[in-house]
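Have a look at the structure below, then the notes.
Each chain gets a letter, A, B and so on, in the order the sequences are listed, and its residues count up from 1.
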Amino acid sequence: MREDPTRYNPAEIEPRWQAKWDADPTLYAAEPHTSDKPKFYCLEMLPYPSGQLHIGHVRNYSIGDTLARYMRMRGYNVLHPMGWDAFGLPAENAALKNNTPPRQWTLNNIAQMKVQMRRLGFSYDWAGTEVTTCLPDYYRWNQWLFLKMVEQGLAYRKSSKVNWCPQCATVLANEQVISGYCWRHEDQLVEQRELEQWFLRITKYADELLDGLDQMPGWPEKVRTMQRNWIGRSEGAHVTFKVVDNDAAEITVFTTRIDTIFGATSVQLAPEHPLVKQFAALDHKLSLAVDEMVAQQKAAKESGDIGSIDKHGVATAHFAINPFNGEQLPIWVANYILADYGTGAIMSVPGHDERDFEFATKYHLPIRRVVTAADGEEPLPFIAEAGAFIINSGDYSDLTCAEAQHRLATHAEMNGFGKATTTYRLKDWGVSRQRYWGTPIPMVYCAEHGIVPVKEADLPVLLPEQVEITQEGGSPLAKVPEFLNTTCPVCGGPARRETDTMDTFVDSSWYFYRYTDAHNATKPFDSAKANYWFPIDQYIGGVEHAILHLIYSRFWTRVMRDLGLIENSEPVTRLFTQGMVIKDGAKMSKSKGNVVSPDVMIDKFGVDATRMYALFAAPPDRDLDWQEDGVAGISRFLARVYRVTTKFAPAVRALESSVRGDEVAAAEFASETPAELALLRTLHQTIAKITEDFSGRWHFNTCISAIMILVNEIIAAEPAMDSGAISVATTAELLRKLTLLLAPFAPFLAAELWQELGAEGSVFTQSWPVADAALARESEIEIPVQINGKLATVIKLPADSDEAAIKAASLADEKVAARLVGKTIVKHLVIKGKLVNLVIK
RNA sequence: GCCGGGAUGGUGGAAUCGGCAGACACAGCGGACUUAAAAUCCGCAGUUGCGAAAGCGACGUGGGGGUUCAAGUCCCCCUCCCGGCACCA
C-alpha cells in the first residue's frame with residue numbers, strides 16, 4: 001500500500017525537492033540593488049540557536065515564507081534573509097553542564113537547526129545573507145559601531161544602581177526586568193547593585209522615538225502603546241523649595257501641575273531621597289520609620305503590587321518654603337513616593353490629586369481648592385479637565401490652567417527656582433554584561449590615559465577561545481591574562497582590556513542591515529545597498545519583543561542615520577506580531593509536557609501539511625491551539641489535491657504538447673458549457689479572494705479554506721471530467737491555476753504537481769494568476785427574502801436583475817404570497833443584489 | 001485603576017462595508033466498499049418544539065438595554081478571560 005505510486009507521499013516528494021533546491025545556492029537570491037523591479041524586504045525575527053526549532057518558529061517562518069513566495073510571484077525583488085542570534089547565556093550554561101565550549105555548542109546547534117529549516121523548505125537566501133552574530137566577521141562591526149558611539153558621546157561609562165540577576169550572574173537593562181523579575185528567569189527577582197557600567201544614550205532620542213510612533217500606521221497599536229508607555233514622556237516643571245533654617249538643603253520637585261502650586265500643603269520625599277538620609281541622621285525615630293518604608297517599598301515592588309500599598313508617611317521636623325508665596329510647608333517622607341521617578345520629591349496638592357487627597361485626609365493635612373471649572377463647588381479632589389481655571393492663587397487667579405502653567409514656569413525660570421521640564425521613564429541602555437559569550441567591548445584602561453578606545457585598525461577584539469566558565473560572579477574574561485593584558489593604544493604602555501561584553505540585544509539591533517551586504521569585509525554594510533532595501537517592508541515576529549528588540553532597533557537605526565550610514569529613520573514599515581502556539585489551552589512548556597515537536601509532525605504528515613496547518617488553524621495574529629487531528633485533516637486535503645491532479649496530469653500534458661497555451665485559451669473560451677463556466681467562476685473567485693487577502697488582511701486561514709472549496713468543487717466535477725463533459729483544456733486551466741494558488745502555502749506539493757502537469761519552469765517563478773472579473777461574476781444570484789426581518793425564502797434571479805424585477809419576483813414567490821394573505825405591506829425594501837425585506841402588518 | 005485584545009455549535013474558526021449566523025475543517029453519527037478493520041468515498045449534523053415523514057415553528061453570536069426595515073457587526077451599561085502598564089507626581 002505504501003508503494004502505491006498514485007498515493008500522496010510527502011516523505012518521498014519533499015526530500016527530493018529539498019535536495020534539488022539546496023543544490024542551487026542562488027535559487028532564492030535577491031537581485032542586486034540596481035534591479036528595476038520594485039523591492040520587498042520580507043523579514044522574520046532571527047532565532048536564538050537553542051538547537052531545536054519549535055512549533056512557534058514554524059508558524060513565524062511559515063507566515064514569512066508564504067508572503068515571500070507570493071511577493072516573488074507578484075514580480076517583486078524579494079530579500080528574504082535568515083541568520084542566528086548566536087551570543088547569549090544558554091551557551092555558557094551548556095558549557096558548564098556538558099563541558100562543551102560555547103562556540104562549539106552554538107555552531108553545532110546552528111548546524112542542526114539549519115537542517116530543520118532547510119527541511120521546512122523556507123525560501124531563504126542562505127548563501128547571500130546568513131549572519132551569525134557570534135562570529136568575528138559580524139561582531140567586529142558591533143565593536144566598530146560602539147567606537148563610533150563613544151566618539152559621538154552616545155556610549156559612556158558611569159557608576160549607578162543597576163539591575164543584577166543572580167542566576168544570569170550579570171547586569172540587566174531596565175527593559176530586561178519584567179515587573180521586578182529577570183526576563184529569562186521568571187522566578188528570579190532582580191537585585192540592585194552599585195556598579196560602573198557602559199551605557200548607550202538612548203534617552204537622547206526619546207522624543208524622536210516617541211513622536212515617530214505617531215507616523216507608523218503599519219505597526220500594531222498595541223506595540224506602539226507599549227513603547228509610548230515605556231518611554232513615558234511627561235511634560236511638567238521642576239520647582240526648587242528652600243528648607244527653613246537650612247541653607248545647605250533644598251528640594252526640587254517635579255510636577256505636571258505647577259498651576260496648582262498655591263494649593264500645595266506639604267512636600268513629600270521618597271524614603272530614599274538623599275535629604276532624608278541627612279534628616280534621619282539626627283532623628284532616630286525618623287530613621288526607623290524610613291528604614292521600614294524602604295523595606296516595604298522593596299517588598300511591594302517584588303510582589304508586583306506597588307500600586308496598592310497603603311499610603312503612609314511620617315513628618316520630619318523640617319519645613320520647605322513655597323517660592324511663589326513664601327508659605328512654609330511641612331516636609332514629610334511618604335512610602336508612595338518613588339525615588340527613581342522624577343526627582344523623588346513632590347509637592348502635595350490634596351485638593352487636586354487623588355493620592356495627595358488620600359494622604360492628606362489620613363494625616364489631617366489642609367486641603368485647599370485652587371482650581372475650578374465653574375463655581376468653585378466641585379467636590380474635592382477635583383481633577384481639572386480642559387476649560388478649568390485657577391482660583392485662590394494670588395496674581396495667577398482667573399487664568400486658565402494652561403496659561404497659569406506657562407506663566408508660573410516662566411516666572412520660576414526668571415527667578416532661578418525652577419523651569420519647564422520634561423521627564424521620561426526611559427533610561428539609558430546599560431549594555432555591559434559580566435559574561436563571556438558576547439561581543440568584547442573594545443575599550444582599554446591605561447593608568448596613564450584612562451579609558452581609551454581600541455584603534456579601529458585593531459578590530460576585531462577577538463573573544464578568546466580557551467576560557468574557563470564558572471558559576472561564580474565576575475567577568476570570565478578577567479581571568480584570561482592573554483586577553484586582559486594589553487597595551488595602551490595611546491602610549492603603548494601596559495594596560496588592561498575591558499572584560500565586560502555587550503548585551504546580546506546589541507547584536508539584534510542592526511543585524512537586518514548586515515543582511516543587505518552580509519559578506520562585506522571592510523564595512524558593516526554598503527550604504528547604497530541598505531538604502532535600496534530599507535526600510536523593511538514587512539517584519540514578522542512575536543510580540544514579546546515589543547519594548548526590547550523593537551525599541552533598541554529603532555534607536556540603533558537613528559544612530560546609524562546620524563553617522564551617515566543610512567538614510568531612513570525607522571527600520572520597519574510594517575510590523576506583524578503573530579500569536580502564540582498553544583496546546584490544550586496552555587502555553588507549551590516542558591514542565592506541562594505539552595510540547596509539539598516540528599520533526600514529529602513532519603515525520604507523520606509532511607512539511608506542507610505542517611506548514612499549512614500552522615496557517616489554517618487560526619488567523620496569524622491570534623493564538624493557535626495545535627491539534628494534531630487538524631494536521632491530519634490538512635494532509636488528507638493535500639492527498640486529494642495530489643490524487644485528482646496526478647490523475648488528469650497525463651491528459652493535460654498531452655494537450656499541452658499538441659497546442660500552445662494561448663491557443664488553448666482562445667479555442668476554449670468560446671465554447672464553455674455551464675458546468676465549465678461554474679468551475680471557472682469558482683476558480684476566479686478564489687484567485688480574487690486570496691489576492692485581496694495578501695494585500696493586507698493576511699487571513700491565510702480563509703485563503704486556505706477558499707482553496708479547499710475550489711478543490712471540493714473540482715472533485716465533485718470529476719465524473720464530468722472523466723466523461724469529457726468538461727474539456728481537458730478546462731481541466732488543465734483549473735489544475736494549473738490551482739497549483740499556482742497552492743505554491744505559497746504548500747511549496748513542495750506545488751513544485752511536484754507543476755512538474756506533473758508538464759508545465760515549464762519552476763512554479764515559483766510563474767506570475768501570480770490574475771482574477772478575471774467577468775469570469776468570476778455570478779450569472780444567477782440567490783436573494784433572501786425576509787418578512788419582518790426574518791428569512792421567509794430564497795429566490796433565484798439573474799445577477800443583473802433591477803430593483804423592479806427583484807420586487808416582482810419576491811411577490812411572485814408562493815411562500816411569500818401565502819404569508820401575505822390578509823396582511824398589508826407597510827414597506828417593501830429591496831437592496832439590489834443583496835436581499836429583500838417585506839414589512840407587513 | 002488605566003490602555004489594548006477577546007468571548008460565536010462538541011472543537012478550531014467563518015461572516016472583510018449593518019443584509020441568509022455557523023463557510024472551511026476537526027471530532028461525531030449514518031451509509032458504501034471490505035470476510036473484517038484501516039484507508040477511501042457518499043451523506044447527516046446549532047439548540048429545541050410539533051410531526052411517521054416531507055415539513056412547519058420557536059430560540060440562538062458572554063449578559064442587559066438602545067438605534068434600525070434589518071445588529072455577531074453600530075451606541076450605552078455590565079460580567080468574565082488574555083496581554084501590557086501602574087501610587088509616573
Side-chain angles (χ1 to χ4, degrees), chain A residues 1 4 7 178-179 220-230 232-234 236 253-257 260 268 270 297 300 304-311 334-338 340-349 353-356 358-359 423-425 543-544 546-547 579-580 582 585 613 616-619 621-634 636-637 639-640 643 689 692-693 696-697 699 701-709 711-712 715-716 782-794 826-831 833-840:
Chain A
M1 182 166 52
D4 182 354
R7 198 183 154 89
I178 315 291
S179 324
E221 190 53 47
K222 181 184 180 173
V223 174
R224 290 191 282 163
T225 304
M226 283 165 78
Q227 293 207 355
R228 270 188 209 108
N229 288 342
W230 188 257
R233 179 163 71 191
S234 180
V253 305
F254 175 71
T255 176
T256 55
R257 294 300 305 273
T260 63
Q268 305 284 347
Q297 279 193 342
D305 57 7
I306 192 151
S308 60
I309 56 174
D310 273 348
K311 287 182 187 46
N335 67 343
Y336 72 98
I337 308 302
L338 304 174
D340 55 4
Y341 182 77
T343 58
I346 64 153
M347 61 179 203
S348 177
V349 184
D353 181 282
E354 300 209 16
R355 297 154 301 181
D356 295 346
E358 189 188 332
F359 192 85
T423 30
Y424 301 87
R425 219 180 79 105
V543 75
E544 65 273 16
I547 46 176
M580 270 191 314
I582 57 179
Y613 176 75
F616 177 70
D621 52 335
R622 278 220 237 163
D623 286 352
L624 180 157
D625 197 285
W626 194 271
Q627 296 179 8
E628 200 171 311
D629 285 335
V631 193
I634 296 289
R636 281 197 291 271
F637 164 73
R640 284 196 293 275
R643 186 193 60 74
K689 193 248 173 319
E692 201 200 317
D693 240 319
R697 209 175 69 132
H699 279 198
N701 54 329
T702 60
C703 292
I704 293 168
S705 102
I707 296 175
M708 288 174 170
I709 291 169
V711 169
N712 289 347
I715 288 175
E782 294 191 333
I783 295 186
V785 180
Q786 298 180 336
I787 293 180
N788 291 340
K790 291 195 175 163
L791 184 67
T793 189
V794 178
V826 180
K827 201 169 198 173
H828 194 163
L829 208 90
V830 176
I831 313 295
K834 284 258 170 94
L835 127 164
V836 175
N837 192 7
L838 286 149
V839 184
I840 62 172

By nearest atom, which of the nucleotides [options] is closest to the [X] side chain?
X	options	value
A/Thr225	B/C3, B/C20, B/G19	B/C3
A/Met708	B/C87, B/A25, B/G13	B/A25
A/Gln627	B/A7, B/G12, B/G19	B/G12
A/Asn335	B/C87, B/U16, B/G13	B/C87
A/Pro619	B/C87, B/C20, B/A14	B/A14
A/Val839	B/C69, B/C20, B/C59	B/C69
A/Asp629	B/A89, B/C69, B/A27	B/A27
A/Arg636	B/C26, B/C24, B/C69	B/C26
A/Ser705	B/A89, B/A25, B/A23	B/A23
A/Tyr336	B/C69, B/C20, B/C87	B/C87

Hey, which of these two, A/Ile704 or A/Thr343, hits RNA chain B nearer its 5' end, going by closest nucleotide?
A/Ile704
Taking the nucleotide of RNA chain B with the closest heavy atom to each, which residue, A/Ile783 or A/Ala617, is nearer the 5' end?
A/Ala617
Take atom [atom1] in [N] and the same atom in [M], then report the distance between them in whole Å.
N	M	atom1	answer
B/G63	B/G6	C1'	16 Å
B/G49	B/G12	C1'	31 Å
B/A25	B/A14	P	15 Å
B/U47	B/U61	C1'	13 Å
B/C20	B/A32	C1'	33 Å
B/G60	B/A21	P	13 Å
B/G18	B/U73	C1'	7 Å
B/C17	B/A54	C1'	40 Å

Describe the nucleic acid contact of [X] in one word from base, sugar-phosphate, nothing, applying a heavy-atom distance below 4.0 Å.
X	answer
A/Glu692	base
A/Asp356	nothing
A/Asn712	sugar-phosphate
A/Arg224	nothing
A/Phe616	base
A/Glu221	nothing
A/Ile337	base
A/Gly633	sugar-phosphate

Just so I know, are the side chains of [X] and [Y] near enough to count as touching, which here means a heavy-atom distance under 4.5 Å?
X	Y	answer
A/Phe359	A/Asp353	no
A/Met708	A/Ile634	yes
A/Gln268	A/Asp356	no
A/Ile715	A/Arg640	yes
A/Ile346	A/Thr255	no

Carboxylate-amine/guanidinium proximity below 4.0 Å for A/Arg355 and A/Glu358
no
OP1 or OP2 of [N] sitting under 4.0 Å from any side-chain N/O of [X]?
X	N	answer
A/Arg228	B/C85	no
A/Ser234	B/A89	yes
A/Lys827	B/C69	yes
A/Lys790	B/A71	no

Would you say A/Gln297's side chain and A/Leu338's backbone share a donor-acceptor pair under 3.5 angstrom?
no
Exam field: side chain A/Tyr613 to backbone A/Gln627, donor-acceptor pair closer than 3.5 Å
yes
Could you pull out the closest heavy-atom pair between A/Tyr336 and A/Ser348, with the gap in Å?
OH-OG, 4.5 Å
Over all atoms of both residues, closest heavy-atom pair of A/Ser234 and A/Phe254:
O-CZ, 3.6 Å
Tell me the interatomic distance from [X], atom [atom1], to [N], atom [atom2], rounded to whole angstroms.
X	N	atom1	atom2	value
A/Asn837	B/U68	CG	P	15 Å
A/Met226	B/C88	CE	P	19 Å
A/Gln786	B/U68	CD	P	17 Å
A/Ile582	B/G12	CD1	C1'	11 Å
A/Arg640	B/C42	CZ	C1'	13 Å
A/Met347	B/A89	CE	P	12 Å
A/Phe637	B/G13	CZ	P	20 Å
A/Leu835	B/C69	CG	P	14 Å

Can B/G9 be described as syn, meaning its chi torsion is within 90° of 0, or is it anti?
syn
Name the orientation of the base relative to the sugar in B/C17: syn if the glycosidic angle is within 90° of 0, else anti.
syn
Could you write out RNA chain B as a dot-bracket string, with dots for unpaired bases, | for bases paired across to another strand, and Watson-Crick or G-U pairs counted at under 3.5 Å?
(((((((..(((......[....))).(((((.......))))).(((((....)))))..(((((..]....))))))))))))....
Report, as yes or no, whether the 6.0 Å neighbourhood of atom CD on A/Glu354 holds more than 12 heavy atoms from other residues, nucleotides or ligands.
no
